[in-house]
Every structure is written in C-alpha cells, then in structure tokens.
Enquirer: 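Just passing along the structure, written as structure tokens.
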There are 2 protein chains.
Amino acid sequence: MALTRDTVVETAVRLLTQYGLADLSMRRLARELDVQVGALYWHVASKQELLVDVAAHLLAKIPDNAPSQEITSANDDDVAWVRQELSVVCHSIFDALLPIPDSADVVQWAAATRPEALRAVGILRDLLTHLPVEPTRIHAATSLLLHHIVGIVAELQNATMAVGEDQLEARRVNDRLRESFEWGLERVLDALA
Amino acid sequence: MALTRDTVVETAVRLLTQYGLADLSMRRLARELDVQVGALYWHVASKQELLVDVAAHLLAKIPDNAPSQEITSANDDDVAWVRQELSVVCHSIFDALLPIPDSADVVQWAAATRPEALRAVGILRDLLTHLPVEPTRIHAATSLLLHHIVGIVAELQNATMAVGEDQLEARRVNDRLRESFEWGLERVLDALA
DNA sequence: ACCTGAACACCGTTCAAGT
DNA sequence: ACCTGAACACCGTTCAAGT
C-alpha cells in the first residue's frame with residue numbers, strides 16, 4: 001500500500017508518544033514505515049512542517065461547543081457560560097498533551113510559528129470574542145492562556161523525566177504542578193471575565 | 001591560554017547571539033575555540049548542561065532591588081512598590097531575551113528543567129513573597145509570569161524569522177506583540193496584587 | 001506519481017593515548 | 001590536569017535514476 005501524508009503524520013505521533021522527540025527522526029520514521037528516508041520528502045516538505053502537523057494532530061480532539069446564539073457579553077449568565085467553556089477547553093488541551101512526551105515543546109514551537117494550523121488556538125480565540133475583551137486584545141488573551149497551559153505541561157514533563165523511577169516523588173511533583181495549573185488558570189480567567 | 005568553563009559558556013552565548021541555536025553545536029563551538037570537540041567535555045558534562053549555563057548567562061544582568069525593609073504586604077504603598085518592581089524585572093527579562101535569537105526556547109527549556117539555576121526566577125519568587133499571594137502559590141505565580149514573558153518572546157522571535165526581509169511588516173508584528181506583552185503583564189499583575 | 005540508492009554535510013558523546 | 005585523534009552511532013536534506 002502506498003505511503004500517504006496521513007500515515008506519515010500518524011506514525012510520527014506514535015513515535016513521539018512511545019519514545020519521545022529524541023527518537024522522532026526522519027530516518028527512524030522511514031525505518032518504521034519500511035521506506036527509504038527520501039520517500040518521506042515526497043509527502044512532507046521538511047521535518048518542521050511535519051512537526052506542525054504532529055502538533056495539530058495532538059490537539060485535534062479538543063471539544064468545540066461554539067456558542068449556539070450570538071452572545072454579546074451583555075448578559076452575566078452568558079459570560080459565566082463562556083468562562084466555563086474556556087476552562088473546559090484549557091483542561092482538555094492540558095490533558096491531551098500531558099501523556100505525550102515532549103508534546104509541550106512541539107506545541108509551543110508550532111503555536112509560535114504557525115498558530116493558524118492549530119484548531120485549538122482558533123477555538124480559544126472564538127470563545128474569547130464572547131467575553132468583554134477588547135477586539136485588539138483577543139490575540140494577547142489567547143497567547144496568555146496557551147502559554148500558561150503549555151508552560152506548565154513542559155514543567156511537568158521535564159520534572160517527571162528528572163525524578164525518574166521514584167514513583168512517590170513523581171506523584172508529588174505531579175499534584176503540585178496540577179494545582180499550579182488550576183490556580184493560574186482561575187487567575188487568568190478572572191482577569192479576563 | 002588554557003580553556004575554562006567560562007570561556008566555553010561565553011563563546012556559546014556569542015554563537016547563539018550571532019548565528020542562532022542551529023549553529024550552536026559542540027563542534028562549531030570547538031572550532032571557534034581552536035580545540036578538538038573532546039576538549040569541551042572536560043569542562044562541561046553535556047550540551048544540555050552548557051545550555052542551562054547559557055540561559056543563566058543571558059539572564060545574569062536582571063536588576064535585583066530586593067525590598068530593603070520587611071514588607072508585610074499590609075501597606076498598600078508597599079504592595080504598589082512591589083508590583084512596580086515586578087513589572088521592571090519582567091520588562092528587563094523581556095528586553096534581555098528579545099535580541100538573542102532562539103533565546104526564548106533555550107530559557108523555556110532551562111526554566112522547566114533547572115529553574116534554580118536561573119537567578120531571574122529567584123528574583124521573581126522573592127518579590128512575589130511580598131505580595132498577598134498564599135505561600136503555596138508562589139511557585140505557580142512565578143511560572144505564570146515567566147511563561148507569559150518567554151511565550152511572547154518566542155512568538156516574536158519566530159514571527160520575525162518568518163517575515164524575513166520585509167522591514168515594515170516586521171515592525172508591525174513587533175509592535176503588536178510588544179503590546180500583547182504589556183497588556184498580558186498588566187492583567188497578570190492585577191490578578192496577583 | 002512515487003520511491004530507491006547514494007551521497008553531502010553535518011551532529012553529540014566517548015575514550016585511549018599523549019603532554 | 002587538560003587536550004588530541006579517532007572512532008561510534010547517528011542526523012536532515014537532496015536528487016539522479018528507476019518503476
């Protein structure tokens with residue numbers, strides 16, 4: 001069966017999930033797919049382009065309960081609903097990245113270079129337009145939320161690497177950073193709504 | 001003259017500043033210092049350890065006007081002073097990183113793996129202890145500020161790379177992200193004090 | 001259209017051996 | 001103590017040539 005861009009991306013995601021970024025090389029990917037390295041370059045222009053697709057894939061399942069009506073942020077109930085929905089989306093980004101090694105680095109980089117390629121960024125933006133945030137600050141607010149999420153995930157993934165086998169210590173670090181995530185998210189959402 | 005760890009780190013900083021992270025290889029560094037690659041490994045254990053030192057070096061000049069008296073956050077004036085000082089420190093981190101290509105990536109990684117090696121992180125922590133932030137949230141608050149700063153710098157550095165020669169467009173992107181930085185910083189500081 | 005084979009120009013790390 | 005020389009096991013990217 002012929003190679004497709006989708007199978008290349010999916011295999012890349014699998015390698016990242018199982019072995020981390022250090023083992024996600026074009027050569028390793030080619031070996032996994034039983035082709036020569038050169039074959040990959042028929043389907044993707046570069047490793048960087050591939051990593052953007054990998055990041056997009058990792059964030060593909062973020063729920064998108066777009067506001068059904070035109071919410072004008074005049075109504076307090078509506079603002080509360082949007083705030084709650086933002087919290088849900090942020091948590092689901094967090095949960096999607098946490099189990100994938102080095103995913104925070106990949107997404108951080110993809111978000112900085114090609115944010116429009118990440119569905120999750122668009123979802124955050126759309127929700128933020130329904131809050132009393134000036135239109136010129138939507139981008140800033142999106143970045144603020146995203147940097148908080150991937151920043152904490154990066155800390156968590158690196159710390160988990162560092163403690164190694166020590167299950168007890170790993171759990172402590174995990175709990176502490178999870179709470180940092182929750183606390184910071186509340187502070188930021190408070191600042192926005 | 002014999003090689004020292006300091007000259008290795010300083011040369012690494014120079015290479016990063018002039019050519020970016022892609023050209024900061026151990027081999028390139030050795031060539032620059034007129035030694036064999038192996039010589040570097042007498043002075044640093046690994047490239048990762050070297051990069052932590054590079055990050056620390058980039059943030060070495062952050063001002064540290066520690067509160068002279070014991071400020072107990074009871075006094076409104078004192079809180080205002082600490083808030084102002086936090087703003088100064090955040091701006092000086094921003095300004096220190098901005099002109100150094102890929103420095104946001106390097107610092108992001110160093111902060112996630114060995115935050116205690118970065119003086120700037122300690123300075124932020126100390127200032128935050130003088131705000132009405134619960135002691136258990138000091139770490140979370142430090143992370144929130146730091147992720148915002150390096151996140152925006154990363155966006156800015158990547159966007160500047162992307163627009164390339166177009167000076168006018170570069171300036172527009174620069175101004176927009178600078179404003180995002182200011183706006184986000186105010187929101188976060190408001191949430192803390 | 002899609003892939004192979006082979007090359008080009010690199011990497012980080014280790015280590016016996018030299019001084 | 002500090003460094004060389006040389007090796008080991010890799011990288012990303014390109015491209016003529018094959019099918």
Enquirer: For Leu15(A) and Glu32(A), run side-chain contact (heavy atoms from CB on, under 4.5 Å): C-alpha distance rounded to whole Å, both residues' side-chain angles, the deciding distance at 0.1 Å, then the answer.
Expert: CA-CA 9 Å; Leu15(A) 282 181; Glu32(A) 211 78 9; 3.9 Å; yes

Enquirer: Under the rule for side-chain contact (heavy atoms from CB on, under 4.5 Å), what residues qualify as partners of Glu134(B), not counting sequence neighbours?
Expert: Trp183(A), Thr136(B), Arg137(B)

Enquirer: Identify, residue by residue, the members of residues 8-24 of chain B with a heavy atom below 4.0 Å from DNA chain C, and return them in order of residue number, or none.
Expert: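 Heavy-atom cutoff 4.0 Å gives no residues at all.
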
Enquirer: Applying ring pair (Phe, Tyr, Trp, His ring centres under 6.0 Å) as the test, list every pair that has at least one member in residues 143-181 of chain A; sequence neighbours left out.
Expert: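 Sorted result for residues 143-181 of chain A: His91(A)-Phe181(A), Phe94(A)-Phe181(A), His148(A)-Phe181(A).
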
Enquirer: Sequence neighbours left out, what passes side chain to side chain donor-acceptor pair (under 3.5 Å) with Ser103(A)? Give chain and number order.
Expert: Gln157(A)

Enquirer: Under the rule for side chain to side chain donor-acceptor pair (under 3.5 Å), what residues qualify as partners of Arg31(A), not counting sequence neighbours?
Expert: none

Enquirer: In dot-bracket form, 5' to 3', how is DNA chain C paired? Count Watson-Crick and G-U wobble pairs only if both distances fall under 3.5 Å, and write | where the partner sits on another strand.
Expert: ||.|||||...|||||.||

Enquirer: Return the nearest nucleotide to the side chain of Ser25(A); candidates are dG12(D), dT13(C), dC11(C).
Expert: dG12(D)

Enquirer: Do any pairs count as a ring pair (Phe, Tyr, Trp, His ring centres under 6.0 Å) and have a residue in residues 5-28 of chain A, sequence neighbours left out, and if so which ones?
Expert: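 Matches after skipping sequence neighbours: none remain.
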
Enquirer: Side chain of Met26(B): nearest nucleotide among dG12(D), dT13(D), dT13(C)?
Expert: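 Of the candidates, dT13(C) comes closest.
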
Enquirer: Quick one: list whatever passes side chain to side chain donor-acceptor pair (under 3.5 Å) with Gln48(B), sequence neighbours left out.
Expert: none

Enquirer: Apply side-chain contact (heavy atoms from CB on, under 4.5 Å) to Ala193(A) and list each qualifying residue two or more places apart in sequence or on a separate chain.
Expert: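 Val79(A), Arg83(A), Leu131(A).
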
Enquirer: Suppose you measure atom P in dC8(C) against the same atom in dA9(D); what distance do you get, rounded to whole Å?
Expert: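 Per the computed distance, 22 Å lies between those P atoms.
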
Enquirer: List in chain and number order the residues that pass side chain to side chain donor-acceptor pair (under 3.5 Å) with Ser143(A), two or more places apart in sequence or in another chain; answer none if no residue qualifies.
Expert: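 Scan of Ser143(A) (side chain to side chain donor-acceptor pair (under 3.5 Å), adjacent residues dropped) gives Glu155(B).
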
Enquirer: Could you state the CG-P distance from Leu50(A) to dC11(D), rounded to the nearest angstrom?
Expert: 14 Å

Enquirer: Rounded off to whole Å, could you give me the OH-to-P distance for the Tyr41(A) and dG12(D) pair?
Expert: 6 Å

Enquirer: Which residue pairs satisfy the ring pair (Phe, Tyr, Trp, His ring centres under 6.0 Å) criterion with at least one member in residues 100-126 of chain A, sequence neighbours excluded?
Expert: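 Residue pairs passing ring pair (Phe, Tyr, Trp, His ring centres under 6.0 Å), neighbours aside: none found.
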
Enquirer: Can you give one letter per nucleotide of nucleotides 2-8 of chain D, going 5' to 3': B for a protein heavy atom under 4.0 Å from the base, S for sugar-phosphate only, - for none?
Expert: BSBS-B-

Enquirer: Any chance you could measure Ile93(A), atom CD1, to Leu124(A), atom CG, to the nearest 0.5 Å?
Expert: 4.5 Å

